[in-house]
Amino acid sequence: MDEWPEEVRNDLRAAVKAKQKEDWRMAASYFERAYDIAVTLPDQAASFGADSAIKISDIALSLADVLESAGDLPRAYSIYGTAFSHLINGLPSSSESKTAFEADQQRRAIGIALKMAELGEHILHERAPGRVPECANYGPADEAEVKEKIDWALTEALGLRSASVHLWETGKKQNDTLNLPGWVKKVNRISTVRRVEEYYSRKGEIEYSLPLKLYIISTLSPLPLPPSSCHFLSTPYMDVIVSFNVGTLNEMSNENVMAQAYYEHALEVSRAIGMDEGVKMAQYALNRLKSQS
């Protein structure tokens, strides 16, 4: 615990001990006090180091994790939301260059967004139909809030510099003295796309889930996946939509060669079936790619 500031060290030590004993309420009490102190310290960088945002989020995630274990899912959701907001505040956009610490913050925020979506789905499923949240600690307002986090995570993950770099492989490495939940250390582009694909599959939204599935296959395949191999698409119209969406996903992750292949396939099929809107969209996308080269 020596790496933690003196102001929070004793509370964190007590919280971890209570967590090991599965005394969730006691652990939450200590983690919450440590978190409240951490966010009000006047010079967080001096107290926690250059990765202060990550370390403070460690405390927040530990608090939310024990609240989950205690069965207080809405309050855990609220704490995740606070940690998410603190992490993304002031971060450069996904298209801008980031320092190693900022890249760590981005991956951490992606992981939290996915966790909030997962927890939010569960809360909404258990909530009585038509019931409106009574306060900020009652979980997501509706399914749209869950989808917003899912889509944010996908957009940010596609901008990650590597498809498989884990959170802890950049920036300052640190010891996990708080026993963080396992999902915190498993954030990368492919795992995020897979989680989003699973979400849309559960919702039966094949026009979103299928492009994501094909993106995963094409990214993990040692050879580019030719769009013509998508023979299981039900109609030429669906072929156009899915191919265009896979192209967009590849473009967002700077895989422009693959993006061009899918856009060209969408253009070819659109012309064959007389789908004018598909022709316009594919041509516009191809021209956009050409302007970037």
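Sequence positions, counted from 1, serve as the residue numbers for this chain.
Judged by distance alone, the side chains of Y215 and S253 do bring a donor and an acceptor atom under 3.5 Å apart. For the residue pair E3 and T177, a side-chain donor N or O sits within less than 3.5 Å of a side-chain acceptor on the partner. Judged purely by distance below 3.5 Å, without hydrogens or angles, the side chains of Y80 and E68 pair a donor atom with an acceptor atom.
Within 6.0 Å of the CE atom in M252, the count of heavy atoms belonging to other residues, nucleotides or ligands exceeds 12. Enclosure of atom CD in E264 by more than 12 non-hydrogen atoms of other residues, nucleotides or ligands within 6.0 angstrom is indicated. More than 12 heavy atoms of other residues, nucleotides or ligands lie within 6.0 Å of CD in Q292, so this atom counts as buried by the packing criterion. Around NZ of K19, the count of heavy atoms belonging to other residues, nucleotides or ligands within 6.0 Å exceeds 12. In Y35, the OH atom is crowded: over 12 heavy atoms of neighbouring residues, nucleotides or ligands sit closer than 6.0 Å.
Contact of the D239 side chain with the H265 side chain is registered, since non-hydrogen atoms from C-beta on lie closer than 4.5 Å. When side chains are defined from C-beta on, N250 does not count as touching N256, because their heavy atoms never get closer than 4.5 Å. Proximity of P211 to L249: side-chain heavy atoms (C-beta onward) are separated by under 4.5 Å at one or more points. Annotation: side chain of I206 is in contact with side chain of M238 (closest heavy-atom distance under 4.5 Å). Using a 4.5 Å cut-off on side-chain heavy atoms (C-beta onward), Y77 and E145 make contact. For the pair F48/I56, a side-chain contact is recorded, criterion being any heavy-atom separation below 4.5 Å from C-beta on. At a threshold of 4.5 Å between non-hydrogen side-chain atoms, the residues I241 and Y208 do not count as touching. Side chains of W24 and L67 form no contact here, defined as non-hydrogen atoms less than 4.5 Å apart.
Between F101 and A50, the closest heavy-atom pair is CE1-CB, 3.4 Å. Contact record, R189 with A157: CG-O, 3.3 Å, taken as the closest heavy-atom pair. Closest heavy-atom contact between A259 and G247: CB-O, 3.3 Å. The two atoms that bring A76 and A64 nearest to each other are CB-O, 3.5 Å, heavy atoms only. Nearest heavy-atom pair, R33 versus D11, reported as atom, atom and distance to 0.1 Å: NH2-OD1, 2.7 Å. For V66 against A27, the heavy-atom pair with the smallest separation is CG1-CB, 4.1 Å.
Cluster annotation: L178 is not connected to M26 through the hydrophobic network of ILVMFWY side chains, with a link wherever side-chain heavy atoms come within less than 4.5 Å. Put simply, M281 and Y284 are part of two different groups of oily side chains (I, L, V, M, F, W, Y) that touch within less than 4.5 Å, one to the next.
Between Y263 and F244, the distance separating the two ring centers is shorter than 6.0 angstrom.
The main-chain N or O of R25 is never found under 3.5 Å from a side-chain atom of S29 such that the two would form a donor-acceptor pair. Looking at Q44, its side chain does come within 3.5 Å of a backbone N or O of V39 through a donor-acceptor pair. Without hydrogens or angle criteria, S270 side chain to A266 main chain gives a donor-acceptor distance under 3.5 Å. Proximity of a side-chain donor or acceptor of Q105 to a complementary backbone N or O of L87 within less than 3.5 Å is detected. When atom types are taken as modelled, the side chain of N287 and the backbone of Q283 share a donor-acceptor pair closer than 3.5 angstrom. Checked by atom type and distance alone, the side chain of S191 never pairs as donor or acceptor with a backbone atom of V187 at under 3.5 Å.
From L63, atom CG reaches atom CD1 of I79 across 4.5 Å, with rounding to the nearest 0.5 Å. Here the straight-line distance linking atom OH of Y200 with atom CD of E205 works out to 6.0 Å at 0.5 Å rounding. Atom CD1 in I112 sits 8.5 Å away from atom CE in M116 (nearest 0.5 Å). Of the inter-residue distances, the one linking L180 atom CG with D65 atom CG reads 8.0 Å to the nearest 0.5 angstrom.
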*Walk me through it: do K115 and E118 pass the test salt bridge (charged side-chain N to carboxylate O under 4.0 Å, His left out)?*
CA-CA 5 Å; K115 181 63 177 178; E118 173 193 312; 3.5 Å; yes
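A salt bridge does not link D142 to K147: none of the charged nitrogens lies less than 4.0 Å from a carboxylate oxygen.
Applying the ring-ring contact (aromatic ring centres under 6.0 Å, His included) rule to Y199 yields no partners; only residues at least two apart in sequence or on another chain are considered. With sequence neighbours excluded, the residues satisfying salt bridge (Lys or Arg N to Asp or Glu O under 4.0 Å) with K203 are E121, E143.
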